[in-house]
Amino acid sequence: MDLSGIAAILALVGIPVGVLTTRWQMRATLRQAEMAQRSALDVAARQSDGAKELATEQQTADRNKWMLTTRYAVYRSLQGSVANFKHEVLASDNEWDRAAVEKAFDPGSKAAEGRMLHDDAPCKWPRRP
């Protein structure tokens, strides 16, 4: 066998070896790409969950602030209405009304303690911080 025959045999053997080597490299590259994709999807999912959690916490904080502000406004409105009612009743000439109002606004009465006259449970009005 001469030199050209040996070169032909090496060429015939080298083609499948080259194809196999290329296939192994392709598989390794695809595995790396798949792992990178999975890693990127995991990171994106964690960031998305964190963003959702942050948005939920912000929404809850905003709602709580709105509820507190609304409760204070309603309570101030109620206090103003009660003060106007007391003023109107005390300005009247009816002694029975005046005595009832004085008793209702007496610091020792249940109404002044923030309790209903017919119930011993405390009212749940918000307190200012």
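Counting begins at 1 with the first residue of the sequence.
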| field | Gap separating the NZ atom of Lys65 from the CG atom of Asp62, nearest 0.5 angstrom | value | 7.5 Å
| said: Nearest 0.5 angstrom please: Arg23 CZ to Leu30 CG, how far? | reply: 9.5 Å
| field | Interatomic distance, Arg71 atom CZ to Leu78 atom CG [nearest 0.5 angstrom] | value | 14.5 Å
| said: Measuring from atom CD1 of Ile15 to atom CG of Leu20, what distance do you get when rounded to the nearest 0.5 angstrom? | reply: 12.0 Å
| message | I'd like to check Tyr72 versus Leu68 (side-chain heavy atoms, cut-off strictly below 4.5 Å). Are they in contact? | response | yes
| task | Mark yes or no for whether Thr29, through its side chain, and Gln25, through its backbone, hold a donor-acceptor pair below 3.5 Å. | result | yes
| Between Ser39 and Met35, is there a donor-acceptor pair closer than 3.5 Å when you use the side chain of the first and the backbone of the second? | no
| Pairing residues for Ser4 by the side chain to side chain donor-acceptor pair (under 3.5 Å) criterion, not counting sequence neighbours | Asp2
| Met26, CE atom: more than 12 neighbouring heavy atoms under 6.0 Å | yes
| request: Examine Val17 and Ile9 and state if one hydrophobic cluster contains both, with Ile, Leu, Val, Met, Phe, Trp and Tyr joined whenever side-chain heavy atoms are less than 4.5 Å apart. | output: yes
